[in-house]
Amino acid sequence: MKSSVLKSPEKDKETTIIYKPGRRDFLKLGSLAATGLILGVNFSCSDRKKGGEITELRSGAYLTITSDGKVIITAHRSEMGQGVRTSLPLIVADELGADWEKAEIVQAEGDEEKYGNQNTDGSFSVRMFYKPMREAGATAKLLLIRAAAGKWEVDESECDTDNGKVIHKSSGKSAGFGELVDLAAALPLPKPEEITLKDPSEFKIIGKDTPIIDLQDIVTGKAVYGIDAKVPGMKIAVIQRCPVVGGKVKSVNDKAALAIEGVLQVHTIEGAGIPPQLHKPLSGVAVIAENTWAAIRGRKALEIEWDLGPNAGYDSDKQQQELLEKTKEKGTVRRQRGDFDKTLKNASKVIEKTYLAPFYAHGTIEPPAALARVKDGKCEIWAPSQHPQWARDSVADALGMDVKDVSVNVTLIGGGFGRKSKPDFIVEAALLSQKSGFPVKIQWTREDDIQHDFYHAQSAQRIRAVIDKDNKVSGWNHHSTFPSISSTSDAGAVQPSDGEMRLGCVDFPYDVPSVRIETHDAKAHVRIGWLRSVSNIHHVFAAGSMLDEIAEARQMDPVANVLDMLGEDRSITFNEEMPQGEYDNYGENIKDYPWETGRLRQVIERVAEKSGWGREMPEGRALGFAAHRSFLTYVACVVEVAIDDRNHITIPNVYYALDCGQAVNTDRIRSQFEGGGQFAASLALNSAVTVKDGQVVQDNFDTYQIVRMPQAPQKIHVDIVESDAKPTGVGEPPEPPFIPALCNAIYRITGKRVHKLPVDLEA
Amino acid sequence: MAQYTLRINGVEHQIDAMPDMPLLWVLRDVLDMKGTKFGCGKALCGACTVHFDGVATRSCSLPVSAVQSAEITTIEGLSENGDHPLQKAWAEHVVPQCGYCQTGQIMSAAALLRENPSPSDEEIDSAMQGNLCRCGTYNRIKTAIRTASEK
Ligand code: FES
Ligand code: FES
C-alpha cells in the first residue's frame, strides 16, 4: 500500500525548524505578498529512510504577516468537514496573539517536499501539527515583541501580544503587528531555546469554540468543491466501468454515443486488472462531452462487450458464510497471552458468539470528481483530494511525466471518509485530458460511486469468552476474518494486515489472563479500502457486544463489568504478546502516547454519570454501553434506544465522554462526535453492499441507505475531558463504540442479541 | 437542442439545451451557477434542491423543458447578502461540516418556513427527510431551523 490510515505517518516531531524563506520560496508562494514578515515552518516530518536519519528538511507551512496587519496562514491539510482549515491556523494565531477575525487562510497545493505530510487521514492532523504550529506562532510573536521593545527602548520581557498588537504592559503603549513587520523581518531568527510557549491557562482560542472559516461561503453556495472546479475549454467525462473488478473491455460500439449532440470523443481506459490497485482506474469506456448531461446520455448509448474476468462468479453472501465456517478452525495467531486452551479446561462458563458485518460504501454526498489539464508537457489538477501528493505521484506515473511537471490544487472536499485519499479518479481525469487534448473533468455519478467504490471489507468473527469458578473472566479468544485492504494492491494478501488488526482486535486492553487472537484467509473480489475508523467498525461491534454478554453471564452491570475487567490503572503495551512484530499504536511511539487504562476508566465513569446510567427506563426503551480507544482517543458511549410495537427503532439520546488530550476547537470536536454518531448509526442500521455474480447489487441511496433526519439520533451529548495531554484525533473515534452500545440497548429491549449488521429486528 | 427562457433568481436567461437536460445541469454547466449540488441524480439526496415557484424541488429530476415560466430560486438568490434568517441561524449554530449538502438543506428549510413559519419537530423531520447529510449534521440543522422559525 502506498499510503493510508494504516501506514504510520513517519516523522520526527521533536524538531521543528522555523526559518525565513528565501527568494525562491517567495516565487513559489504565488499569491502571497512577498513583503512583511514571512516564516517558513519546517516540521521535519519528512519520510525517514531506514536507520532513522531525516533525508530532507521540508517546510510545512508559511506564516505571513503583512504591513497592513493581516495574518496569513497556509493550510496544508485537506478540509473535508473536520474543520482542519480552522483548527491548525487557530493554533498559530493563539500563540502569536493575533486577531483571529483578521486571519486569512490560504490552501496549499499538494507538495510534500514543501509542506511535509499532507495525507489527511487517520485522524492525525492536529496530533501531528499541534506543536509545530504553536512554535511557529511563538517565534513570530517573539520577533514582533523584539521589534517593538527595540523601538520603544523597553525590555522585551515587559511586552506581550494580544489581538494583533504588541503591548507594553506597564505603560499600555501598543503597536499593531503591521507597523512592526518590517523591523521584525530584519531581525535574526530567535534560537529555539528562546521560544516560550504559552501556558495552557493563557490560551484564548485553543480549547474554545471557534466557528469554521468557510462558514459563510458554504451557506451562500460559494464554497468550491472538486465538482465545481472549472477552467476555460473544459469538457466533462463519465466512464462506464466494467461491472466486475478485474474484467476488461472486449469491444465497443460507440456509434450511437457519438451521434448524441454534445458528445465529442470516446476512449477506452485500461484498468490495472488484478490486483486493481488503490491508485489506478478500473477498466472502462469514457465518453467526453460538452456538458455532464450529454456525457451521461452518451454513456447510456455505448454498446460494450466485457470480458468479466475471474471474479464474475463471486457472491458476497456465500463468501461471508464460508468465512464464518473458517472461524471454527485454528487460525494464524496474532496475539497470545497465557494459554487459552488450558483456561478453557478450567472454565465454569464459556460463551461463544459470532458476528457478521457487511461491505460498506463511503457514500460521500459529493461523488468523486476531478479536473485535469494536460498541456505543454505539464499536468495541472484540481481535486478534492485527501492525499494530494499521492495523487501527484500517481498522475505522473500514469502519464509518464516527471512529478515536478504535475501540480495538484486541493479544493474543499464534499465528504471524504477515506474515499478521496485514493487517487484513482484523479488519474482518470489526467489520462482523459492527455488522450483528448482538452481539460477534462471526470464526473462520477452516484451509481458509479456505490458500484465501484473501495469498500470497507465484509467480515466474519467468532469470540469465545471464558469465565472461571470465581466469576472472573479468564480467557478471550477472538477470530477475525475479512479481506484485507492490502489485497487491493497485492493479490497474494489474504490475511488482515497488522495495521488492520490493531484496530479494535489485538489491542484488546482488558486484564484477562489468557488472550488469543486469530485470523483466517479471506480473498478479495472487489476493491477493498479504508472507511472512517476502518477495521474498528467490525472489531468493536464484536468485542463490545461480547463484553455485554459477559456482563450478563457474570450477572454484573455492563459498566461495572467493563471497569472490573479493565483492572488496575496501568499503561499497557502488547508487544511481547504479538508474534509478528510490535503494536504500532497508530504510528506513535507508545512512550509519547501511552495506552492508559485509567483514561479509559475515566471516560467510562463520566459517561455513566452524564447518561444517568442505571436509571429506570420506560417500556420499550433502554440504554446500551460500550467504550473503546482508537486513534489514541479514549471514548465511552451510551446509546438510548426506543423501539415501538411496529419494531421501529429511534435513538432519542446518545451520550459520549471522550479524552482527546488538549482540546483545540471544542466546537469541531463536538461536531465530529455528532457526525460520527450519525455515521455509525447508518452503518449499524441501514447500509450494506452485497455482490452477486461479481457485480455490486446496490446503486443509489434508495438501495444503499444512510440515516435520514427522522431516523437520526435525536440528541448527541458530548462531554470532553479537560486535559493538557498531547492532543489526539477526533474524526474517527466516535464511531467504534457507538455500534455495540446501540446493539446492547436493542438487546435490553428485545431480548435478542445482534449478531449481524445491519440490524434487522425481523430476522 | 432547443431554446429556453428561464427565470432564475429574478433574472431571465436565454439558454440552449437538450429538452431532457435536468435543470441541475443547466444551472451548473450552462449557467455556471455552482451553489446547487449534484448528489444522486434520482431525487434521493436533496443536494440539488431549488425552489420552483416557491416549492422545494429536486433540480436533478426536473427536465429543463418542464420549467416553462416558473420562477426558480437557487441558493445564489435566496438572499441578497447571505443573510436569510436560515443562513444566519446556520452560521450561529455552525451547522456545516464538509458543507456539500448544506445549500440543498437550506433551500429545503427555506421552502418549509415559507409554508409553515413555525413547524413542529415532526414537520421539520418530514420536510427535511429528502436531504441527506453524510457528515451527520442533522441535529444542528434542526436546531438552526428552530432558531430561524422563532425569528
Ligand atoms: S442530486 Fe437531486 S436529489 Fe440528489
Ligand atoms: S455537511 Fe457534509 S454532507 Fe452534509
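Chain letters run A, B, ... following the sequence lines, proteins first and then strands; every chain starts at 1. Below, each value reflects all heavy atoms present in this structure, side chains not excepted, and no hydrogens, waters or symmetry copies.
For the 3.5 Å distance criterion, the side chains of A/Q711 and B/D125 fail to qualify, holding no donor opposite an acceptor.
For A/K230, the part sitting under 4.5 Å from any heavy atom of chain B is the side chain, from C-beta outward, and nothing else. Proximity to chain A involves both the backbone and the side chain of B/A91, based on heavy atoms less than 4.5 angstrom apart. Contacts between B/W90 and chain A at a heavy-atom distance below 4.5 Å involve backbone atoms as well as side-chain atoms. Contact annotation for B/L86: neither backbone nor side-chain heavy atoms come within less than 4.5 Å of a heavy atom of chain A. Both the backbone and the side chain of A/A294 come within less than 4.5 Å of a heavy atom in chain B. Of the atoms belonging to B/N81, it is backbone heavy atoms, and not side-chain ones, that fall under 4.5 Å from chain A. For chain B, the nearby parts of A/I227 are the backbone and the side chain; heavy atoms of each come within less than 4.5 Å. With a 4.5 angstrom heavy-atom cutoff, B/M1 touches chain A via backbone and side-chain atoms both. With a 4.5 angstrom heavy-atom cutoff, B/Q87 touches chain A via backbone and side-chain atoms both.
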Walk me through whether A/W293 and B/D29 qualify under side chain to side chain contact (heavy atoms under 4.5 Å, CB included). CA-CA 9 Å; A/W293 186 241; B/D29 288 356; 6.0 Å; no
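Electrostatic pairing of B/K37 and A/E366 does not count as a salt bridge here, judged by no charged N lying under 4.0 Å from a carboxylate O. Electrostatic pairing of A/D699 and B/K42 does not count as a salt bridge here, judged by no charged N lying under 4.0 Å from a carboxylate O.
Contact detail for B/R134 and A/S682: the closest heavy-atom pair is NH1-CB, 3.7 Å. Nearest approach of A/Y225 to B/C98, heavy atoms of both residues: OH-O, 2.7 Å. Considering every non-hydrogen atom in both B/K34 and A/A229, the closest pair reads NZ-O, 4.5 Å.
Chain B forms more heavy-atom pairs under 4.5 Å with one residue of A/S671, A/G415, A/P367 than with any other, namely A/S671.
Residues B/L44 and A/R446 form no side-chain contact, since every pair of their non-hydrogen atoms from C-beta on lies 4.5 Å or further apart. Side-chain contact check for B/Q97 versus A/Q672: some heavy-atom pair is nearer than 4.5 Å.
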